[in-house]
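The chains referred to below are lettered A, B, ... by the order of the sequence lines, with proteins before strands, and numbering in each begins at 1.
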Amino acid sequence: MGHPKDERTLQPDNGAPPPSSVDEQNLSSASTGGQAQKSPTVQETIDHQRELLAKPLSVKLQDNIDVIRQLYADCSDVIIHEFDIRNGPAAVIVYIDGMVDIKDIDTQLLMRLQHDGTSGDRSKEAIVHCVTISAMLEVDCIKDAVDKIGYGNVVLLADGITSALIYALSFQELRSIEEPQAETVVRGPREGFVESLRVNTSLLRRRLHTPTLKTKPFFIGRYSKTATVIVYIEGIADPALVQEMESRLSVIDVDGMLDTSLIEEWVEDNPLSPFPQLMSTERPDVVTSHLLEGRIAVLADGSPVALVAPAPLLSMMQSPEDFYQRSLVATGIRWLRMLFSFIAVFMPSFYVAVLSYHQEMIPTSLLLTIAQSREQIPFPALVEALLMEITFEALREAGIRLPRQVGSAVSIVGALVIGQAAISAGIVSSPMVMVVAVTAVSSFLIPNYSLGIAIRFIRFPIMLCAGALGLYGIVLSALVVLIHLMTLRTFGVPYLSPLAPLLTSELKDTLMRTKSTHMDTRPHFTGSFYNRIRMRVDLYKARRNN
Amino acid sequence: MRLSMHASARFIRCSCVRVAAPLLLAALLSGCWDRTEINDLAIITAAGMDLADDGKIKLSVQLFVPSPPSSEQGSSTSSPGASNKTIIRYATGLDMADAAARLQEMMSRRLFWGQADVFIFGEKLAKRSIKEPMDFLTRHPHPRERANLFVSDGEAEEIVKWKTPIERNSAETLREMAVLQTGLNTSILQVIEELAEEAHTAVIPVVRIMRKKPEVPFIGGTVAIKDLRQAAKLDSLETRGLLWLRNEIKFATLTAPAYPGGDYASVYIYSANSKLVPSIKGNKWSMLVAIEATSNLNENASTLDITKEANVKRLERTFEGIIQSRIDKTVKKAQRSGIDYLGFAEQYHRHYPKHWLAAKKDWDTRFPKIEVRYKIRLTIARNGLTGKNATLQSGGGNNS
């Protein structure tokens, strides 16, 4: 798939699928559909579809109906309802069953047109006047009309009118707004995004009642046509950043965009890195606070996860809880988290290195105890560590994927595998079990799930280095990771900022969480400095003292 | 297009192989050449060096025998003490390294010096010279510089062999005793440093075994080393004097008659600070020993009423005298032997570098002539829970 430049130029809204990627789908439909006549080749089918879509709307209603019928051939869920407007022209409404509110169609649209009618007036305005639905739009080509139908709108075509009237009566069965399972807090809002883009933007809008909250739409995916929005606050977010995100999103050419995680892979700067370069969150309050800091967010229909950019490493070490707890406590918890993320990366490697190379580093009594428990173990420390860590990862994965009914069985067996049974079986030593347990716990202290996975992942190569070169290997691999982190950039912002490069004014919300009244300036990511003052604590104090 | 796709895929595959293959091979090749599993180590916890009859060095090491935890033994409930076994191995060699090599020949596991906390020189070896073992211990990368050094009162082997009922092994016992600071606590590093100082002397504590049953080793006395050879030997009391001079007294209990002819009283010193202040006036070299100590009254069986301030002052003076006499005894002994293991030389070197440079050569003759003066200040800060002595109190029923 090396050459995107021929005929597959970028047309996100273009329904006509390019030739190379639809082969199988259309082959099957063609072979089943056309039994009597000679089945058309894939190329013919696609050409035909394109031809139909490119047509403007005809004055003759019947022509339009024919085109739509051809396009929606073999679509059992598409309703094409023909009727006559009272004292008016013949008309048709097209919609997809299950995506629209049929009751509204009946009362607001059909009732009006068929009962009241337009009293002889055959013009478009009369029809518009007659229908009592506010969300209305006009399009004048087949392609646009079809796109709107696909999004659950009702399209009204009337004889003698060359534009289609689109009524937004879409209605979706939705999951209710729940607390996101992966990002729970004790104190703070319990709302989470759902799979509907509209609901998600409204959740943001409910927190930022301002017209400066912009939601720039995009449609990504030749077939899926996923509605995607860039959310930002005009006047706070760097326009260049918004533009950069726009330009990256608009050039995506893909058949289907099923989740924001796929968008992440397209737009991030270094796709091969294990570290996430966009922050993902299911919490509208998190997105809101990031918007206020000048970041931008990307939401897509069908995905409850918002992407936030730019996302330096340290911003992913923050938990929403930090901002809902008292600053001193939050700072302490943040340090705990940092400490344990180091433990998660280095603890097993350190254990392996010290046990295989630097036995003199261990306090004597501890070494003697370890020697005793390792006496019967047939494997070297490295093999033992790898065995246990891999087993733990397998158990963790199994715990997530298994059906709930089997889950308890797995946890019981897991406790046996990483526990006393493994020790008495003589496969691992008890200190190793301890190390694995501590590592396991500490890796879950990282609030960002993708970052947690990345950290769990990089500890395996570090373990190998520790097994081959001891502490020297750990230092070497830590340097490699550090250099990698230094080279990473997330939308132009160095990944380790504000630590490297050091921006002292922005340390207020990284290693510690200062009092929120002390975070009086916005962090600066890219572009010029503008609109930096977030609050006027001085005025507040002056007014209080009066 | 398909062709080019193919080509690019092949290119990617090729480059992947090119990167991955060396990495995989390297992982195999780098093969952990100096990796040692703990299972393959013979962990030495203590080592004793003695002089063998033929002038060779006899090395006796105490090895830790790791036995699997008793929980795995299943039904057999072995005694818990048996899990901490140590064994002793001996070897004789021309020097320390030779002895170690010979010892290794008899072992199925690699000798590991990194956890040896205690090294003991036999008395005979110390009298001849400890230069071979000291060189080995400092040159070899494994032995800890902070391991404790002892000179045994007899064969070092006996101490190494001794089985302790309390601690894990005799090495642990000795180390803990040294840490408690009843005697000196000397590490290899300290000895090297002291030997490098101006006087070229060092002090190493003596460990001896109480001959009565039960046989218990204890730290009593000190050996002064000059030119890596035992030059003088101090008993326990003289060692206390030495500790005062070296500012190594942390805790001490002093006992003396509360007044001449009276019953005994004791103070417990919990904070002590001593300082050597050298001075040169003309040709007269003198050393001021300045000591400040704070103590609690521990026991007072005499009729002295220590609720009176004057009496407390008297008691303080008495104990100051005790301290002074202890130190003086040590100083006199050192000056008699002409070997400066008190650290005077270093003080002159620091405070009077020019004088020192000139006097360095005949230090051994000058040292015995140095006048030592004392300025000792002992404070009795608290007199305990009771005021007067129990017999003086009206109730008198208090046994303690």
Side-chain angles (χ1 to χ4, degrees), chain A residues 1-8 19-20 272 351-384 420-427 429-432 460-461 463-470 472-473 476, chain B residues 1-9 11-12 23 26-46 64-74 83-86 109-110 112-118 141-147 167-169 171-172 175:
Chain A
M1 312 288 259
H3 303 280
K5 286 250 164 66
D6 41 19
E7 67 221 276
R8 304 194 282 133
S20 61
L272 283 177
Y351 179 78
V352 168
V354 166
L355 232 60
S356 316
Y357 291 93
H358 316 283
Q359 291 93 352
E360 59 278 353
M361 275 180 68
I362 315 171
T364 310
S365 349
L366 182 61
L367 179 80
L368 299 186
T369 317
I370 293 176
Q372 263 177 12
S373 63
R374 277 197 57 81
E375 191 55 25
Q376 301 282 311
I377 311 300
F379 307 115
L382 174 66
V383 174
E384 198 189 349
Q420 196 60 42
I423 300 170
S424 35
I427 296 168
S429 59
S430 34
M432 189 67 235
F460 286 99
M463 238 186 280
L464 286 175
C465 287
L469 293 168
Y472 182 59
L476 278 186
Chain B
M1 184 176 152
R2 181 155 292 177
L3 204 84
S4 69
M5 236 170 69
H6 222 79
S8 70
F11 174 74
I12 288 167
L23 280 179
L28 291 173
L29 282 176
S30 66
C32 320
W33 54 84
D34 45 3
R35 181 178 62 83
T36 331
E37 287 304 319
I38 289 186
N39 308 18
D40 303 331
L41 291 180
I43 301 166
I44 298 174
T45 51
F64 177 75
V65 183
S67 53
S70 50
S71 67
E72 289 173 27
Q73 304 291 15
S83 65
N84 291 331
K85 272 199 302 187
T86 52
R109 300 185 171 195
R110 220 179 80 182
F112 182 64
W113 293 91
Q115 295 282 357
D117 282 329
V118 169
H142 272 169
R144 295 185 169 187
E145 285 183 324
R146 294 185 58 211
E167 305 282 350
R168 206 188 273 269
N169 47 46
E172 181 85 354
R175 207 178 58 81

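Proximity to chain B involves both the backbone and the side chain of A/S365, based on heavy atoms less than 4.5 angstrom apart. Residue B/D40 does not touch chain A at all, counting heavy-atom pairs closer than 4.5 Å.
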Quiz item: Are B/F64 and A/Q372 close enough, and set up right, to give a side chain to side chain contact (heavy atoms under 4.5 Å, CB included), and what steps lead you there?
Solution: CA-CA 10 Å; B/F64 177 75; A/Q372 263 177 12; 3.6 Å; yes
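For the residue pair A/T364 and B/R144, the shortest heavy atom distance occurs at OG1-NH1, 4.0 Å. The minimum heavy-atom distance between B/N39 and A/I377, with the atom names listed, is ND2-O, 3.1 Å.
Atoms CD and CZ, from A/Q359 and B/R110 in turn, are 7.5 Å apart once rounded to the nearest 0.5 Å. Rounded to the nearest 0.5 angstrom, A/L367 CG and B/L41 CG are separated by 7.5 Å. Rounding to the nearest 0.5 angstrom, the gap separating the CG atom in A/L368 from the CD atom in B/Q115 is 7.0 Å.
We find that B/R146 and A/E360 are not joined by a salt bridge, their nearest charged nitrogen and carboxylate oxygen being 4.0 Å or further apart.
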